[in-house]
Structure formats: structure tokens, C-alpha cells
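In what follows, every chain begins at residue 1, and chains take the letters A, B, ... in the order their sequences are listed.
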Number of protein chains: 2
Amino acid sequence: MPPTPNRQPAKPTGLECRMAVLGADVRLTPHRREVFEVLQASTDHPTATDLFTRVKDRSPGISLATVYNCLEHLTGAGLIKQVHLERGQSRYCANLHEHVHFHCETCGKVIDAHPAADFDPAKFWNLPAGTRVSRMELAIHGTCSACAAR
Amino acid sequence: MPPTPNRQPAKPTGLECRMAVLGADVRLTPHRREVFEVLQASTDHPTATDLFTRVKDRSPGISLATVYNCLEHLTGAGLIKQVHLERGQSRYCANLHEHVHFHCETCGKVIDAHPAADFDPAKFWNLPAGTRVSRMELAIHGTCSACAAR
DNA sequence: TTTAGAATTAGAATGATTCTAATTCAGAAA
DNA sequence: TTTCTGAATTAGAATCATTCTAATTCTAAA
């Protein structure tokens, strides 16, 4: 039996490329990179199938399962966010700035809304002492200005 | 052809009972009443199948489809609220006071949290002029005090 | 070149919800 | 009372989004 090799943890080299955000990291494989780039280029808040359609134009062989897989890894690494606005498909968002989502119930459009500079969400709700908050998700539903104008 | 009878719109009489809230109304049929009462008596935020199980103790013949149907009507009438905390099953809530939901990611418990008296949500997000807000849904995720103590 | 593990895939499986078509029921009209 | 109409209810099928599975491919290190 050969001596136990002094195996190092795999390090990124060559084509392999990692991005680290908030301590987590992902290997940015070609598919993951494309899903990420397509999402970053999207101003709407696409669903997994929306992204599947868009990425297929660039990588015809990609499968929906891979898109879901990529989204899961990217979400886990904190590179993108999963958004739950209503029942049905989840939506995804590459805007990492703190923001909330406005959802127009008439046309379905989703708009990012950013909080006022002095907004401190934690102090507005009377959570029991000892509660730890890891994230908040605010969905505002209504009618967007374009629809309201009609 | 007989003369057109002067048909009046159906009015609630006898056992039939309506509740009107915010302009909407529902006939409170026995099943709807039971689903509503069971939800009001629940301190957790039950899912449709949770409610189905609980209501079946009182009305063994009820079907899951009817529970969904009742929940839809009660929600439409504004008597209860549908809550989306995570992917998967919707939860329901009979607390009509303005409040947000805290979701413990460790034990799954959901706690109602009420806003501070001076909280005016509308002014904290820079929504485009002309936007009309009909409702807001805030989910706060984290660890409840009991789980945090462990 | 071999190996080990991760990524990817197609398709099956799952879970929640919604739909469908038939039946039952309540109250109004005859 | 009996009939009628529309709503409520039902079981089961259908749908939809997602997750799982098992096989295959790929990457980078040994």
C-alpha cells in the first residue's frame, strides 16, 4: 500500500472559478455562470422555467433540472435570492441590495423597492425577547402606476 | 308564457347566515362555519391538510376539496388570510389585526408579531408615484427564542 | 491514466392545489 | 307540497412546480 498522500483540499485553478460571498462559495461552472448572468441581465423577476427558456438560447443542451440545480446552488451561496410573491412558481432575483418587492396584481409586473435610508426594520415589530432574525421577505401587492392610470 | 315573476335577490333567512366584512360576503354554510371556527381556535398557522384533519373530527364526511373550497371563499370574503411563508403548503390565519409573521426555521413554529403603534409601512419604501398598495405580506425568518436557548 | 467526487441529465416521483363532472342541498316559486 | 334553480359539496382526475433517482459525463488531482 502506498503511503497516504498528503491530500490538500481542492483549490481553484485553471478554468475552475469560485465566487465567495458571505462565507459561502460555489464553483461557477459554465451552466451556473450562464444562469447567473441571464438572471443578472433580467429586469423582471423570472421563474425557473423563464430562466430555462432564456438560457436554452445560449446552451441548447441544458435541462430544467439543471436550472433548478444551479438556482439552488446560487441561492445557497447567496449570489441570488429566491422570491415568494404568491402561490405557484418561485421567482429569482440577482439584486442583492436590501429591498422589497412590489407585485402588480393587474399586470403581474414585479418592481424592486428600496427602503428609505433611515429604515430599521427590526424595531417595528414586537418579536419575543431572544428571537433571532436571519432574513425578512416583504411582498407588497397592489396596482402599479401604469395599470392604475388606465 | 306566465308573467315574469318579480324575483327578488335571495335574502338570508332561517339557518342561512351571512357575514359581511369589507364589502364582501359569504354564506356561512355548516362546512364553512366549521372550517372558520377550527381556524379561529388554532393558535398555530395550519395548512389546508391540517385543517382538513381537524375538521374531520367534527364532520367526518368533509373532503379535502371542500376544505380548499371553503378556505377560498373565506379568504375572498376577508374573514381569513392566506399566508405564504415558504414554498410548499399555504398556511391560513384568522387573525385580522394588522400583523406580520415570524417563522422559526428550526422548529417551524409561526408567531404573529404586531407592529409598533407608530409604524406606517407605506412611507418606508420608495414606490413609484401612482402605485396603489392593497396589501403587504411580511415574513420574518429566523430562530425563535426557545430554539435559540438550546 | 486513473480515480474520486461533483455536475449534469432525462425521466420518474412527489406534493399541493385546482379542475371536472356528478350529486346534494337550501330556499323560492308554482 | 312539489318543483326548480343555482350554489355547495364530493371523489377522483388532472395539473403544475418541484424534487428525487440513477446513470452518465466531466474536472482536476494523484
Side-chain angles (χ1 to χ4, degrees), chain A residues 1-18 25-36 46-53 55-56 59-77 82-92, chain B residues 1-18 25-36 46-53 55-56 59-77 82-92:
Chain A
M1 199 203 269
T4 307
N6 181 15
R7 186 81 88 83
Q8 301 289 316
K11 274 196 241 161
T13 61
L15 285 171
E16 193 192 355
C17 184
R18 286 170 184 268
D25 73 336
V26 244
R27 264 212 308 206
L28 270 197
T29 62
H31 280 162
R32 291 181 188 170
R33 177 183 295 278
E34 290 204 33
V35 170
F36 183 53
T47 63
T49 45
D50 290 338
L51 288 166
F52 175 51
T53 307
V55 171
K56 242 194 329 196
S59 299
I62 200 170
S63 74
L64 179 57
T66 299
V67 172
Y68 271 107
N69 181 312
C70 292
L71 290 170
E72 188 185 319
H73 282 269
L74 293 168
T75 304
Q82 195 178 35
V83 181
H84 303 114
L85 287 174
E86 9 156 38
R87 259 216 49 75
Q89 294 179 84
S90 297
R91 291 164 174 277
Y92 296 86
Chain B
M1 198 202 268
T4 309
N6 183 14
R7 186 79 91 82
Q8 301 289 315
K11 272 195 243 161
T13 62
L15 285 171
E16 192 192 354
C17 185
R18 286 170 182 269
D25 73 336
V26 242
R27 266 214 305 208
L28 269 199
T29 63
H31 280 163
R32 289 181 189 171
R33 178 184 294 280
E34 290 203 34
V35 170
F36 183 52
T47 63
T49 46
D50 291 339
L51 288 166
F52 175 50
T53 307
V55 171
K56 246 201 318 203
S59 300
I62 199 169
S63 74
L64 178 58
T66 299
V67 171
Y68 271 109
N69 181 312
C70 292
L71 289 169
E72 187 185 321
H73 282 268
L74 292 167
T75 304
Q82 193 178 36
V83 181
H84 302 114
L85 287 173
E86 9 157 38
R87 260 214 51 75
Q89 294 180 85
S90 296
R91 292 163 173 278
Y92 296 86

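Here D:dT10 presents its P atom at 11 Å from CZ of B:Arg32, a figure rounded to the nearest Å. Between B:His84 atom NE2 and D:dA17 atom P there is a gap of 15 Å when expressed in whole angstrom units. Between A:Asn69 atom CG and D:dT25 atom P there is a gap of 18 Å when expressed in whole angstrom units. Spacing between atom CZ of B:Phe52 and atom P of D:dG12 amounts to 12 Å, rounded to whole angstrom units. As a whole-Å value, the separation of B:Ile62 CD1 from D:dT10 C1' is 10 Å. With rounding to whole Å, A:Lys56 atom NZ is found 14 Å from C:dT9 atom C1'. Whole-Å rounding puts the B:Phe36 CZ to D:dA8 P distance at 17 Å. What separates CZ of A:Arg33 from P of D:dT27 is a distance of 14 Å, to the nearest Å.
Taking 4.0 angstrom as the limit, A:Thr66 places none of its side-chain polar atoms (N or O) nearer than this to OP1 or OP2 of C:dT8. An OP1 or OP2 oxygen of D:dA7 is reached within less than 4.0 angstrom by no side-chain nitrogen or oxygen of B:His73. Phosphate contact (OP1/OP2 of C:dA10, side-chain N/O of A:Ser63, threshold under 4.0 Å): present.
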| task | Can you check each nucleotide of nucleotides 15-20 of chain C against protein heavy atoms at under 4.0 Å and return B for base, S for sugar-phosphate only, - for none, in 5' to 3' order? | result | -SBB--
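Atom-to-atom distance recorded for A:Arg87:CZ and B:Gln89:CD is 9.5 Å, nearest 0.5 angstrom. Separation of atoms CG (A:Leu71) and OG (A:Ser90) is listed at 9.5 Å; rounding is to 0.5 Å. Atoms CD and CG, from A:Glu34 and A:Leu51 in turn, are 12.0 Å apart once rounded to the nearest 0.5 Å. Note that CG of B:Leu74 and CG of B:Asn69 are 9.5 Å apart. Values are rounded to the nearest 0.5 Å.
For the pair B:Asp50 (side chain) and B:Thr47 (backbone), a donor-acceptor distance under 3.5 Å is present.
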| request: Test A:Val67 against A:His31 for side chain to side chain contact (heavy atoms under 4.5 Å, CB included), laying out the working first. | output: CA-CA 8 Å; A:Val67 172; A:His31 280 162; over 6 Å; no
| message | Could you go through A:Glu86 and B:Gln82, starting from their C-alpha distance and side-chain angles, then the distance that decides it, and tell me whether this counts as side chain to side chain contact (heavy atoms under 4.5 Å, CB included)? | response | CA-CA 10 Å; A:Glu86 9 156 38; B:Gln82 193 178 36; over 6 Å; no
